[in-house]
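Below is one structure, written out as structure tokens; the observations come after it.
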Amino acid sequence: MSGAGRRVLVLGGTAEARALAALLVEVPGTVVVSSLAGRVADPRLPVGEVRIGGFGGAAGLARWLSAQRIDAVVDATHPYAARMRTAAVEAARAAGVPHVRLERPGWTAQPGDRWYRVADVDAAVRALPTLGRRVLLTTGRQSLAAFLPLTSVRILARVVDAPVEPIPPHVRVLRSRGPYTVEGELDLMRAHDIDVLVTKDSGGPLTEAKLVAARRLDLPVLMIDRPKPPVLPAVVHTADGAAGWLAGLPAAQPG
């Protein structure tokens with residue numbers, strides 16, 4: 001793979017971003033800077049340079065790209081990081097920097113699955129009481145507050161970091177981070193008598209075991225769809241695909 005002298009910004013925080021950084025640091029002359037939002041207290045760090053914190057919106061990111069003489073941007077943020085995804089498109093366009101979106105495919109329902117798709121978190125809150133009363137909630141800390149008023153259900157909320165809001169008696173917080181196994185997910189669901197799973201369509205293998213467990217237990221799954229993406233100049237679905245896209249760019253100019 002070519003790329004001598006190229007400076008690449010990877011907007012990261014995902015397994016795909018870490019895999020891409022590991023590929024790029026092996027390319028002679030390539031400098032990779034991975035940017036993390038800083039929302040996780042103890043993130044898994046990629047190899048290479050790491051920047052933690054926001055940029056100040058699309059305008060701030062565009063200024064940073066120019067100041068740091070970045071030659072290409074790979075947006076490998078989480079599929080639900082909608083604001084960052086839009087900011088990346090706008091900033092790359094303003095700075096005149098090539099940009100690609102690295103996004104893992106969503107999950108596909110299998111025979112035996114009982115999925116109920118909804119457009120967003122608010123729709124999931126409205127639908128949840130019709131599907132079950134003992135909930136395994138895996139939508140993350142940032143969306144937890146929306147579900148707290150649902151006092152008619154018992155919620156086991158699995159999160160990486162502790163929530164900041166007060167937790168009412170009908171909610172139990174389980175701090176945990178994947179990857180997970182099917183047997184482990186089956187044990188968890190049985191131990192808490194779970195009768196419905198709520199999740200986002202994050203895709204990828206690290207947390208897919210919960211879907212297999214729900215299928216085996218014949219549980220309904222309330223699946224929150226991904227936000228509608230902005231118009232993207234290019235999309236790839238794997239770290240290798242992103243590395244290939246970078247290799248196909250014109251060589252970075254010196255100076």
Side-chain angles (χ1 to χ4, degrees), residues 1-3 6-27 29-40 43-55 57-58 61-62 64-65 68 70-108 140 160 177-179 199-208 224-252:
M1 175 174 29
S2 63
R6 181 170 290 152
R7 292 177 57 81
V8 180
L9 173 66
V10 177
L11 299 170
T14 59
E16 291 78 16
R18 293 189 294 273
L20 177 59
L23 289 175
L24 296 182
V25 296
E26 299 299 325
V27 180
T30 296
V31 175
V32 56
V33 181
S34 295
S35 174
L36 308 182
R39 292 178 177 173
V40 177
R44 294 189 177 107
L45 296 179
V47 297
E49 296 183 25
V50 177
R51 181 191 184 278
I52 297 179
F55 292 93
L61 176 54
W64 190 91
L65 294 175
Q68 298 296 318
I70 297 298
D71 298 300
V73 175
V74 181
D75 174 16
T77 55
H78 193 275
Y80 289 79
R83 283 186 295 181
M84 188 68 246
R85 187 165 49 180
T86 298
V89 172
E90 295 175 356
R93 183 185 302 119
V97 176
H99 163 267
V100 68
R101 169 68 181 165
L102 167 53
E103 180 159 303
R104 72 181 78 125
W107 288 311
T108 301
V160 175
R177 184 187 315 210
T199 188
K200 294 178 177 178
D201 189 9
S202 299
L206 294 182
T207 61
E208 189 176 14
I224 301 173
D225 284 335
R226 296 179 176 187
K228 184 178 179 180
V231 177
L232 298 166
V235 180
V236 294
H237 298 295
T238 65
D240 285 336
W245 177 86
L246 287 164
L249 293 178

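No hydrogens, no waters, no symmetry mates; every other heavy atom, side chains included, goes into these values. This chain uses plain numbering: 1 for the first residue, then up along the sequence.
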### Flag side-chain contact, heavy atom, 4.5 Å: V10 against R18
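Side chain of V10 against side chain of R18, heavy atoms only: no contact under 4.5 Å found.
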
So, taking the atom named [atom1] in [X] and the one named [atom2] in [Y], what distance separates them when rounded to the nearest 0.5 Å?
X    : Y    : atom1 : atom2 : value
L9   : R51  : CG    : CZ    : 8.5 Å
I224 : D201 : CD1   : CG    : 10.0 Å
K200 : W107 : NZ    : CH2   : 11.0 Å
S202 : R104 : OG    : CZ    : 6.0 Å
R6   : L24  : CZ    : CG    : 9.5 Å
H78  : R226 : NE2   : CZ    : 8.0 Å

With a 3.5 Å cut-off and sequence neighbours excluded, list the donor-acceptor pairs that the side chains of residues 234-251 form with protein atoms.
| unit_1 | atom_1 | unit_2 | atom_2 | d |
| --- | --- | --- | --- | --- |
| H237 | ND1 | E103 | O | 2.8 |
| T238 | OG1 | G241 | N | 2.9 |

Check [X] against [Y] and note the closest heavy-atom contact, atom names and distance.
X   : Y    : result
L61 : A87  : CD2-O, 4.1 Å
L36 : G13  : CD2-N, 3.4 Å
A91 : A62  : CB-N, 3.6 Å
V89 : P230 : CG2-CG, 4.0 Å

### Salt-bridge contact R101-D75 (side-chain N to carboxylate O under 4.0 Å)
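Result for this pair is yes, salt bridge flagged.
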
#### Entry: Donor-acceptor pair, side chain of D71 and main chain of R7, under 3.5 angstrom
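Present.
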
### Query
When you measure from the side chain of T77 to the backbone N and O of L11, does any donor-acceptor pair fall under 3.5 Å?
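Checked: no pair found.
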
